[in-house]
Amino acid sequence: QLQLVESGGGLVQPGGSLRLSCAASGFTLDYYAIGWFRQAPGKEREGISCISSNDRVTYYADSVKGRFTISRDTAKNTVYLQMNSLKPEDTAVYYCAAVPWAHYCSGSTKMYAYWGQGTQVTVSS
């Protein structure tokens, strides 16, 4: 059974940092494009970053560009989202998603076949 599990969320002050992890069980993430999404209360799910299955393509939404970095650790079968300079507007539930054999990626939810359950990120003083 394919499963994605997000972790690393929590409460952080504005300007702080968090690193989210997206770990896979039942399959190897190496061959998957991975997307990170977030959904704040009352808002649609927003694609904020992704990495292609061959790691050659990455994408960042304008709202996070320059502050967030996506990376893959094949040894740990995990994709990370390093989030720096966090702002209150970054508060949301963060999800990772996967699709196999995609040498591109996008912030569209329609692209991805598998989803994690999400992890809450709250940025507040």
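Position 1 is the first residue of the sequence, and the numbers go up from there.
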To the nearest 0.5 Å, how far apart are [atom1] in [X] and [atom2] in [Y]?
{"X": "N54", "Y": "R72", "atom1": "CG", "atom2": "CZ", "value": "8.5 Å"}
{"X": "W36", "Y": "Y80", "atom1": "CH2", "atom2": "OH", "value": "10.5 Å"}
{"X": "Y59", "Y": "I51", "atom1": "OH", "atom2": "CD1", "value": "15.0 Å"}
{"X": "T122", "Y": "L11", "atom1": "OG1", "atom2": "CG", "value": "6.0 Å"}
{"X": "I34", "Y": "S71", "atom1": "CD1", "atom2": "OG", "value": "12.0 Å"}
{"X": "L4", "Y": "Y114", "atom1": "CG", "atom2": "OH", "value": "9.5 Å"}

Test of understanding: clusters of I, L, V, M, F, W, Y form through side-chain heavy atoms closer than 4.5 Å, transitively. Do Y104 and W101 belong to the same one? no

To check you understand the geometry: which heavy-atom pair defines the closest contact between [X] and [Y], and what is its length?
{"X": "M111", "Y": "A102", "answer": "CE-CB, 3.7 Å"}
{"X": "L18", "Y": "G8", "answer": "CD2-O, 3.7 Å"}
{"X": "C50", "Y": "S106", "answer": "SG-N, 3.4 Å"}
{"X": "Q82", "Y": "S17", "answer": "NE2-CB, 4.0 Å"}

Near Q120 CD, under 6.0 Å, is it more than 12 heavy atoms from other residues, nucleotides or ligands? yes

Pair T28-D30, side-chain donor/acceptor within less than 3.5 Å: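 No donor-acceptor contact under 3.5 Å links the two side chains.
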
Quick one: does [X]'s side chain have a donor or acceptor within less than 3.5 Å of a partner on [Y]'s backbone?
{"X": "N77", "Y": "L29", "value": "yes"}
{"X": "E6", "Y": "T119", "value": "no"}
{"X": "Y112", "Y": "C96", "value": "no"}
{"X": "S21", "Y": "A23", "value": "no"}

Determine whether [X] and [Y] make a side-chain contact, defined as any pair of heavy atoms from C-beta on separated by less than 4.5 Å.
{"X": "S63", "Y": "E46", "result": "yes"}
{"X": "M83", "Y": "D90", "result": "no"}
{"X": "P14", "Y": "P88", "result": "yes"}
{"X": "Y32", "Y": "P100", "result": "yes"}
{"X": "V123", "Y": "E89", "result": "no"}
{"X": "Y60", "Y": "I70", "result": "yes"}

Is D62 salt-bridged to K65, cutoff N-O under 4.0 Å? yes

Have a look at S49 and tell me which of T58, V79, L81 forms a side chain to side chain contact (heavy atoms under 4.5 Å, CB included) with it.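 Testing S49 for a side chain to side chain contact (heavy atoms under 4.5 Å, CB included) against T58, V79, L81 leaves exactly one candidate, L81.
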
For side chain to side chain contact (heavy atoms under 4.5 Å, CB included), just list the numbers for Y95 and L20, CA-CA rounded to whole Å, side-chain angles, deciding distance to a tenth of an Å, and then say yes or no. CA-CA 10 Å; Y95 302 88; L20 303 184; over 6 Å; no

List the steps and the verdict of side chain to side chain contact (heavy atoms under 4.5 Å, CB included) for R38 and V64. CA-CA 11 Å; R38 67 186 181 187; V64 306; 3.9 Å; yes

Can the ring centres of F37 and W115 be said to be less than 6.0 Å apart? yes

